[in-house]
Amino acid sequence: MVSLINFLNDLLWGSVLVYLLIGGGIYFTLRLGFIQFRHFTHMFKVMKNSRKDDESGISSFQALCTSLAARVGTGNMAGVAVAITLGGPGAIFWMWLIAMLGMATAFAESTLAQLFKTRDDDGNFRGGPAYYMEKGLGMRWMGVVFSILLMIAFGLVFNSVQANSITQALHVAFGFNSMYVGVALVVMSAFVIFGGLRKIARTAEIIVPVMAVFYLAIAFWIVGSNIEKLPAVISLIFKSAFGLDKAASGALGYTVAQGMIQGIKRGLFSNEAGMGSAPNAAASASPYPPHPASQGYVQMLGVFMDTIVICTATAAIILMSGQFVPGGEITGVELTQRALSTEVGDWGGIFIAIAIFFFAFTSIIANYSYAETNLIFLEHNHKAGLNIFRGVVLLMVMFGSLAELPTVWVMADISMGLMAIVNMVAILLLSGTVVKLARDYNQQLSMGKVPCFDSREYPELHSQIEDGIWDKKAE
């Protein structure tokens, strides 16, 4: 069984996904006219009015925080350390590359999620890849496959990964018993997820920005204190990425391929671009400007913040601390904790444990919200089924608290890879619609208007989207 899991993992990440994700990112970057670079500042402008919501949807800021809650977690702290340990410092370069290309992919999938969103039985906006597969492609079977994969990946496996990192971090910092930590996590998670989508969004809106600011403040202080090391660290990353540093690659087996695969694995796990997860949060928003493409810009910013900013901060802490030893046994969150403690003292490990706790906890509740949206797609809001699934999710949180890290990571890699394949196929088939929406948005913007989408101007789309959502222009 273990050999089969490893074989599938190697097949997915050794060939299929490397080409699909990079190729897809390049394709959308070209078709959208390098939108992530040309309109970089516009991402921030959209956020100016991002606190607006209504009775049907959460605000764009809450949608961003929910998606960041899922993104910013173990991938940013434990995952970056794993990538550096297994792939060398060059893995960071590949994380950057997949993020920059992934920003265009994130624009595509989140724009589509907004266009094809629906209202659930409680009047809340719901949507995501399963919905645009059914409505945009007319392939409900594809949406069913995706929903099942997402529920397994995010509702079950990824939540085990997050719980695993929390218990490890608290054990290293405070010596807490994993069983007790797991029970506490289950109780806290149950309190939020049984409160529904809006409670999850409000919790993420409070916790994520505060913890991100604190974490980045410490990282910037460390970089400033070691500014003389910065050129050497940047040089090491680029040399290792292309096999130019013998100490980092050839002599110890950290090949370019290893760095590329680990960087892409951990990069996707962290920023989730192309995976089809963040669109579930994007679809829940009432966007401003009232146009599907505005959520594309918001989620592009999410990818940038996650990988280019927060993951880079973790990499800088590790590489500047001197705690990274090629071929060393220390990896994961323990390496990040040791690195920070080296720079700021013993309280650094404690801070990382606390940061991991809050980041990973919000990841658990955000991951659940994604799974809930897809369960609703399958069951159409069957309350009993929803409560049963919530119980299973909590059991997996407990399992992850007690499981071994390598096993959990491999399971996460496989489930994530299968999800990404299905989603990438769908958004590539719908790429023409993405381009049409981006062009409509930017034509209005260039005319000095606040972009508004009216499906009546696009009769070929009007029959595919739910009545009453995009029929009428906003005042």
Side-chain angles (χ1 to χ4, degrees), residues 9 11-39 43 67 71 75 93-116 128-133 136-137 139 142-143 145-146 149-150 153 257 260-280 282-283 292-293 295-304 306-308 413-439:
N9 190 41
L11 177 64
L12 284 172
W13 291 101
S15 56
V16 178
L17 279 168
V18 172
Y19 298 113
L20 185 60
L21 291 169
I22 293 180
I26 292 172
Y27 176 77
F28 281 111
T29 296
L30 294 175
R31 285 216 65 182
L32 295 171
F34 296 88
I35 193 169
Q36 66 269 54
F37 304 108
R38 288 192 302 114
H39 297 163
M43 296 187 301
S67 66
R71 288 181 174 120
F93 170 82
W94 299 108
M95 288 183 75
W96 290 339
L97 179 64
I98 200 67
M100 295 307 294
L101 293 175
M103 287 172 71
T105 308
F107 177 92
E109 61 184 358
S110 293
T111 298
L112 288 170
Q114 265 289 314
L115 178 68
F116 294 110
Y131 295 78
Y132 55 69
M133 290 168 190
L137 293 175
M139 299 180 182
M142 191 179 192
V145 170
F146 179 85
L149 287 172
L150 185 142
M260 180 185 296
I261 291 170
Q262 289 301 322
I264 292 173
K265 270 188 186 181
R266 301 279 74 86
L268 177 61
F269 181 82
S270 181
N271 68 53
E272 302 179 10
M275 197 192 305
S277 52
N280 294 276
Q295 271 302 303
Y297 284 103
V298 169
Q299 295 303 325
M300 276 206 307
L301 179 60
V303 173
F304 177 81
D306 173 85
T307 305
I308 306 301
D413 286 340
I414 292 175
S415 56
M416 173 176 62
L418 293 173
M419 256 184 65
I421 289 173
V422 177
N423 182 59
M424 286 298 297
V425 170
I427 63 175
L428 287 170
L429 290 173
L430 289 167
S431 60
T433 301
V434 176
V435 174
K436 191 179 298 182
L437 292 171
R439 186 179 297 121

Side-chain donor/acceptor of Gln295 to backbone N/O of Ser110, under 3.5 Å: no
Pair Gln36-Phe304, side-chain contact (heavy atoms from CB on, under 4.5 Å): steps then yes or no: CA-CA 9 Å; Gln36 66 269 54; Phe304 177 81; over 6 Å; no
Nearest atoms (heavy-atom pairs only) where Pro292 meets Leu115: CB-N, 3.9 Å
Heavy-atom side-chain contact between Met275 and Asn423 under 4.5 Å: no
Between Asn280 and Tyr131, a side-chain donor and acceptor under 3.5 Å: no
Residue pair Phe146 / Ala130: nearest heavy atoms and the distance that separates them: CD2-N, 4.0 Å
Least distance between heavy atoms, Ala106 atom then Ala273 atom: CB-CB, 4.5 Å
Heavy-atom check, side chain of Phe37 versus side chain of Met103, under 4.5 Å: no
Among Val145, Val422, Ile427, side chain to side chain contact (heavy atoms under 4.5 Å, CB included) partner for Met133: Val422
Value rounded to 0.5 Å, distance of CG in Leu30 from CD1 in Ile26: 7.5 Å
Met424 side chain near Thr105 side chain, heavy-atom distance below 4.5 Å: yes
Distance, nearest 0.5 Å, that separates OG1 of Thr307 from CD1 of Ile98: 9.5 Å
Phe107 and Tyr297 aromatic ring geometry - parallel, tilted or perpendicular at 30°/60° bounds: perpendicular
Close side-chain approach of Met142 and Val425, heavy atoms under 4.5 Å: yes
Neighbour count >12 (heavy atoms, 6.0 Å) for atom CZ, Arg38: yes
Euclidean distance, Leu418 CG relative to Leu150 CG, rounded to 0.5 Å: 12.0 Å
Euclidean distance, Phe28 CZ relative to Leu101 CG, rounded to 0.5 Å: 12.5 Å
Tyr132 versus Ala426, closest heavy-atom pair with distance: CE1-CB, 4.2 Å
Distance, nearest 0.5 Å, that separates OG1 of Thr111 from CD1 of Ile35: 7.5 Å
Mutual orientation of the aromatic rings belonging to Phe93 and Trp96 [parallel < 30°, tilted 30-60°, perpendicular > 60°]: perpendicular
Residues which pass ring pair (Phe, Tyr, Trp, His ring centres under 6.0 Å) with Phe116, listed by chain and number, not counting sequence neighbours: none
Close side-chain approach of Gln114 to Leu437, heavy-atom, < 4.5 Å: no
Closest heavy-atom pair and its distance - Pro279, Pro129: CB-CD, 3.8 Å
Non-hydrogen atoms of Ser431 and Arg31 that approach each other most closely: OG-NH1, 3.3 Å
